[in-house]
Amino acid sequence: MMNKIILRRGKEESLNRFHPWIFSGAIHHTEITPREGEAGSASLEEGDIVEVLASDGRFLAIGHWQIGSIAVRVLTFKRQPINQAFWQKRLAAALDVRCAIGVAEMENGKWSNGKYNDIFRLVHGEGDNLPGLVIDIYGSTAVMQAHSVGMHVCRMEIAEALKAVMGDSLKSIYYKSETTLPFKAQLGQENCFLYGETGDDIARENGLKFHIDWLKGQKTGFFVDQRDNRALVEHYAKGRRVLNMFCYTGGFSVYAMRGGAELVHSVDSSAKAIELVDANVEMNFPRDNRHEAFAEDAFKFMENSLFSDSLEPRRSFNERSTFHSSPKYDLIILDPPAFAKHKDALHNALRGYTKLNAKAFEMIQPGGILFTFSCSQAVNKDQFRTAVFTAAAMARRKVRILHQLHQPADHPINIYHPEGEYLKGLVLYVE
Ligand code: SAH
């Protein structure tokens with residue numbers, strides 16, 4: 001017998017439209033079946049699987065119960081058991097989508113890694129009808145991340161299902177949920193392998209090779225969501241002097257080099273990231289002196305570049321970047337971390353985007369191209385565009401929008417869950 005959640009009258013509306021969240025305010029009461037051997041007043045535990053019913057008792061959905069304003073994350077709108085077979089079906093459906101969009105390569109009906117592209121997101125939470133779960137594939141390693149206690153409870157079943165769906169080409173599953181599980185749940189979960197162990201850390205994206213640090217790297221180890229946008233940078237890079245701000249592992253830099261950039265500068269405040277950029281550039285373009293990386297704060301770097309534009313000698317700001325002539329960049333990429341993690345940080349975030357973009361507009365050469373991004377879910381497309389518009393006006397540059405960018409197809413947005421849209425970008429031509 002499954003625990004039941006009965007909604008208040010009229011609160012089933014959003015579920016009839018397949019929205020996958022139930023807010024705590026929509027709940028009328030819960031009916032709890034005591035666990036075996038449990039006496040007295042039983043209660044729901046975070047992560048429990050619950051059945052959701054309308055006020056008239058009609059079945060609506062099954063989902064994971066959690067503490068907080070989102071009380072249930074819906075797994076299915078059908079009455080069916082949530083077991084390994086269920087996960088397997090969902091993961092197989094996710095893999096089908098990745099084959100359809102051409103990011104997962106198949107051989108004799110089985111997934112095969114190690115050719116042109118073996119980096120992709122297999123599961124993107126609600127976008128794959130698996131709220132609270134993210135799975136990224138890097139060559140023969142899958143990195144799995146739970147954002148809900150419910151997914152955490154089911155992790156072994158999901159790992160088994162993943163092995164069955166991906167086949168022999170998958171050699172290990174790393175579970176990286178230490179920082180993504182609700183802090184208050186106090187699960188004390190450490191990152192660990194659920195299957196296999198660290199193997200080859202090199203994977204391929206569009207024929208370019210990358211070291212992926214799933215053990216210590218940010219997110220699941222790589223920013224899979226910029227694949228298509230990196231390819232567009234490659235398209236525009238020929239003969240240009242490129243500045244890749246917030247470069248992390250240097251994805252945009254490596255594509256710019258393949259595109260024939262005259263020079264590429266990569267900047268990130270993390271020294272570890274700069275080590276990874278250098279290693280990735282060296283692996284794809286050995287002994288190519290078009291590239292240089294700087295472990296520096298973005299704002300400082302840009303201010304110093306502007307400063308040296310005025311023909312004064314460039315100051316050295318750390319041991320790495322000692323005096324060098326200041327290049328005139330004509331392709332700049334700004335891909336900062338999320339400035340607004342929550343709605344209440346929105347105002348400051350928008351000011352941050354304006355300030356950052358204004359600096360880029362000040363320094364970019366006439367005829368230059370600016371790729372500018374926001375990955376804050378709390379900032380919508382229009383707000384971001386307004387922030388960039390304000391920046392252009394501040395710098396008094398004439399600017400045209402060439403492309404409007406977003407997250408790629410392996411980060412699908414469930415049409416009933418528009419909250420899943422987070423990455424937005426603009427490609428601008430600056431006179
Ligand atoms: N463009 C990258 C992803 C960027 S993630 C890619 O395609 O993979 C954001 C990066 O910004 C992180 O690597 C972080 O270390 C860096 N960062 C954060 N604050 C910074 C700052 N003030 N100056 C420079 N880099 C910063």
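By convention here, the first residue in the shown sequence is residue 1. Every number for a ligand or one of its atoms is a count from 1 in the order of the listing.
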Item checked: Pairwise side-chain contact, T220 with Y174, heavy-atom cut-off 4.5 Å (strictly under) -> no

Item checked: Distance under 6.0 Å and angle within 45° of ring axis: K424 vs F373 ->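 No, K424 and F373 do not form such a contact.
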
Check: Cationic tip of K359 within the cone over F299's six-membered ring, i.e. under 6.0 Å and within 45° of the normal?
Finding: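 No, cation not above the ring by the 6.0 Å, 45° rule.
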
Please tabulate, for side-chain N and O atoms in residues 182-192, each donor-acceptor pair with protein atoms closer than 3.5 Å (sequence neighbours left out).
{"residue": "N191", "atom": "OD1", "partner": "S177", "partner atom": "N", "Å": "3.2"}
{"residue": "N191", "atom": "OD1", "partner": "E178", "partner atom": "N", "Å": "3.0"}

Notebook entry, point to check: Heavy atoms under 4.0 Å from ligand 1: which residues qualify?
Noted result: Q218, F223, R230, F246, C247, Y248, F252, D268, S269, S270, E296, D297, A298, D335, P337

Check: F222 vs Y138 aromatic rings, parallel, tilted or perpendicular, using cut-offs 30° and 60°?
Finding: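 The arrangement is perpendicular - the two ring planes meet at more than 60°.
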
Item checked: Carboxylate-amine/guanidinium contact E262 K238, below 4.0 Å -> no

